[in-house]
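To keep things clear, I will list the structure first and then write my remarks on it.
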Amino acid sequence: MKFTCEKNNLTKEISIAQEIISSKNALSILSNVLLEADNNTLTIKATDLKVGFETSIPVDIAVPGSTTVYCDKFLSILRSLPDGDIEFELKDGKLYIKPLFKKINFQLKSIASEQYPEMQSIAEENYFVIPQADLIEMIGQTIFAVSDDETRYFMNGVFMENIEGSLIMVATDGRRLSYIKKNTAGTVKPFSGVIIPPKVLQLISKQSSGEGTIQVAVTEKSIFFKFDNQTISSSLIEGQFPNYNRVIPESQSNELTVKRDELIEAVKRVSLLVENKSRRIFLNLTNGLIELNSEESEIGVATEEIECAYDGTDTLIALNYSYLIDPLRVIDNENIKLLFTESNKAITLQSAEESDYFHIVMPMQLD
Amino acid sequence: MKNKPEFSTRILHVDLDAFYAAVEQHKNPDLQGKPVVIGASPGKRGVVSACSYEARKYGVHSAMPISIARRLCPEAVFLPVRMRLYQAVSAEIMEIFTAFTPDICQISIDEAFLDMTGTDRLFGSIEETGMLIKKTVKEKTGLTISIGAAESRFLAKLASDFGKPDGLHVVEKGSELDFLDQLELKDIWGLGKKTLERLNDLNITTVKGLRDFSENSLKTIFGQSAGGFLFRACRGIDIGMYNTPAKSNSISNETTFQQDINDRDVLERVLLELSHHVMFRTLKENKKSKSIAVKLRFSDFSSTTAQKTLSHYIHSAEEIYSISIELLNSRWNGSSSIRLIGTGLLALEDGDKPEQPELFENEFERKIKVEKAVFRLKTQGEKITKASLLNNKIKPKKE
């Protein structure tokens, strides 16, 4: 195998590969990235056995072939080299890395590509197409609510399902829940609900430009994404996602509207003196006013009042302040609405204008 | 600022003499004056939990394997441990103490510190107070107790041991060193076997001899904390004993099997029972926890502990059980023989700490409610046992 390519083009792809590879053992093939040169295209593959990544870039090929090298060092070498074209050649089991017109010579030991684990793949006709921007928004509105409690493995991912032509994503850790529904005008192929690990969704959010479309295919065990010359696949989380419809309040009698940024800033300030383990912050809702209160602790106490539109009964609500901040950060409107019935029932946070998403939070005990 | 009381500090350490055995002897007068050994049945594996003074004369002591006790004192009456009975008697005695002082710190089933500071006018001198307490306990329960009095808990505890049984020893102010010098090094509370050996190696055999060493040299030889302890202990300076109420940061229960076990059904049933004990005690102490640990000891005496921390508080025995099973499976191949199994909750937190309720009805939520109801009934004296804990012949069908 022998090919030449521009440093920055390759470095960009190898750095993604390195993000997927979880093994840091130099002797394991799972720490390696696979390089395959053929038809003036270099195909790059990386996997941690759960998430698979495959991309291709145009290169000048002198001799086709394939190999795998230790991705961590390969990336460090590429980053260290000066900009410009680099020649790669596989000789005697070693990958020679030589920038053109320079007296630099790296030799990296390789492992034959035949030993590399087979990547998952799926036939072209299984893919459906949605706008990249839609998928990115769906991920952004839900991914933060995923549980990291391994005993609730079925909540360790974002649930995605297709209901009557609409694509729905839901994530929950059992105490708060985030929901978004996108109308896809029937382009989405039917599939039964799946739980997607956050790692692959983070990767897609990072990689996609947000423009154009993305192809998605879902099987019982895996999910595939294809966009801009790359294929990213992931195994799914097996298990039964909780029946989320049960916890979405049918109606809430009280409604409050407040400036999003003012609320975020106030919560951030008051939370400085909130007890760190429980993270409990108090919201005292009165006519036209929210009083945020940290509760007196050994360190001190913080309160702040902000104006809001509210004319319901006076209500005191206790919340984990992260459960308040997380959704506020992603609600894409300068005004947000807070809906609730009473202080021990789930509250809803959403954009003041109609939107495809909402966030439900279970309040904490008041005493 | 509060003014310091003008009274000098007076601490009593009260120790119930050979408590388990004394309770048994009192309940059954036939046993009085006879050697009584309480613990596992002879012939089975296990250790002596307690024994009467009569049995001690034969060299029997607690923690000794029951088989050895049998050899030393074959005529002894061997009885099983009746913990519930002892607990009830202990509670009765502690109740008696409340008539003397509100400041009681019970440190075990048969020991307590009573702070009698400023009670001179009520009960007279400390000797008179001690006699009165001893007399009251004897009258009301028929049991004898030993009392030590001093200005610190540490010395009071040493003094009660010194006068045992049925003793009353007062360490007067100013005579602390004289008192200590009558003791052997091994009598110093908190001095372990290893440290004793090391002291012996250094040719330090008396409390007085120990006082010849500077704090620095003791710390150099024994390390910072043990050295500091020795320096203070041999001078009768309070070592900070139970200054705050004994705080258990974990609650666990374990069982040593009569014969090594490799039968999964038995192990699981024992774990379920232990889980119930642990949950019950945790609720009783108004604690909660997110961490569970399972301890195993195999027939070759190798031990292992597996633990798991959840992101939510554990409120039901069922949940302790289900995670304990998971932890058991992570450390047990399903065939090696197990000698001891235990489970417990770690990193206990205040049970009243604010909690984040769940959106979804937790699969254990219903069981939590049952658990709390059972707890209420049990504390009212009802007897409730899980069907699966009953040793019945008919096993429920597994699906």
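Below, read A as the first sequence line, B as the second, and so on, with proteins coming before strands; counting in each chain starts at 1.
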Which donor-acceptor pairs under 3.5 Å do the side chains of residues 153-164 of chain A make with protein atoms, sequence neighbours left out?
{"unit_1": "A/N156", "atom_1": "ND2", "unit_2": "A/S147", "atom_2": "O", "d": "2.7"}
{"unit_1": "A/N156", "atom_1": "ND2", "unit_2": "A/D149", "atom_2": "O", "d": "3.2"}
{"unit_1": "A/N156", "atom_1": "ND2", "unit_2": "A/R152", "atom_2": "O", "d": "3.4"}
{"unit_1": "A/E161", "atom_1": "OE2", "unit_2": "A/Y244", "atom_2": "OH", "d": "2.5"}
{"unit_1": "A/N162", "atom_1": "OD1", "unit_2": "A/G165", "atom_2": "N", "d": "3.2"}
{"unit_1": "A/N162", "atom_1": "ND2", "unit_2": "A/K189", "atom_2": "O", "d": "3.2"}

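- More than 12 heavy atoms of other residues, nucleotides or ligands shown are found within 6.0 angstrom of CG on B/D350.
- No more than 12 heavy-atom neighbours from other residues, nucleotides or ligands sit within 6.0 angstrom of NZ on A/K50.
- Sequence neighbours left out, the pairs with a member in residues 295-307 of chain B that pass salt bridge (Lys or Arg N to Asp or Glu O under 4.0 Å) are B/E254-B/K295.
- Heavy-atom contacts from other residues, nucleotides or ligands closer than 6.0 Å to CG of B/D103 number more than 12.
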Could you list the donor-acceptor pairs under 3.5 angstrom formed between side-chain atoms of residues 290-298 of chain A and any protein atom two or more places apart in sequence or on another chain?
{"unit_1": "A/N293", "atom_1": "OD1", "unit_2": "A/E295", "atom_2": "N", "d": "2.8"}
{"unit_1": "A/S294", "atom_1": "OG", "unit_2": "A/A302", "atom_2": "N", "d": "2.8"}
{"unit_1": "A/E295", "atom_1": "OE2", "unit_2": "A/R280", "atom_2": "NH2", "d": "2.9"}
{"unit_1": "A/S297", "atom_1": "OG", "unit_2": "A/I299", "atom_2": "N", "d": "3.1"}
{"unit_1": "A/S297", "atom_1": "OG", "unit_2": "A/G300", "atom_2": "N", "d": "3.4"}
{"unit_1": "A/S297", "atom_1": "OG", "unit_2": "A/G300", "atom_2": "O", "d": "3.4"}

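- Note that NE2 of B/H312 and CG of A/D173 are 11.5 Å apart. Values are rounded to the nearest 0.5 Å.
- Among residues 357-366 of chain A, the residues having any heavy atom closer than 4.5 Å to a heavy atom of chain B are, in sequence order, A/I360, A/M362, A/P363, A/M364, A/Q365.
- Around the CD atom of A/E353, the shell of radius 6.0 Å holds no more than 12 heavy atoms that belong to other residues, nucleotides or ligands.
- For chain B, the option among A/A346, A/P242, A/A318, A/S278 with the highest count of heavy-atom pairs below 4.5 Å is A/P242.
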(message) Working note: B/L359 + A/R175, criterion side-chain contact (heavy atoms from CB on, under 4.5 Å); need CA distance, chi angles, decisive distance, verdict.
(response) CA-CA 5 Å; B/L359 269 175; A/R175 292 142 199 159; 5.6 Å; no

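- For A/N243, the part lying under 4.5 angstrom from a heavy atom of chain B is the backbone only.
- No part of B/E326 comes within reach of chain A, as not one of its non-hydrogen atoms sits under 4.5 angstrom from that chain.
- Within a 6.0 Å radius of CD in A/E238, no more than 12 heavy atoms belonging to other residues, nucleotides or ligands are found.
- Sparse packing is recorded around NZ of A/K181, with 12 or fewer heavy atoms of other residues, nucleotides or ligands lying under 6.0 Å away.
- Of the atoms belonging to A/R279, not a single heavy atom falls under 4.5 Å from chain B.
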(request) Give the C-alpha distance, both sets of side-chain angles, the deciding distance and a yes or no for side-chain contact (heavy atoms from CB on, under 4.5 Å) between B/F360 and A/L177. (result) CA-CA 10 Å; B/F360 299 89; A/L177 177 143; 3.9 Å; yes

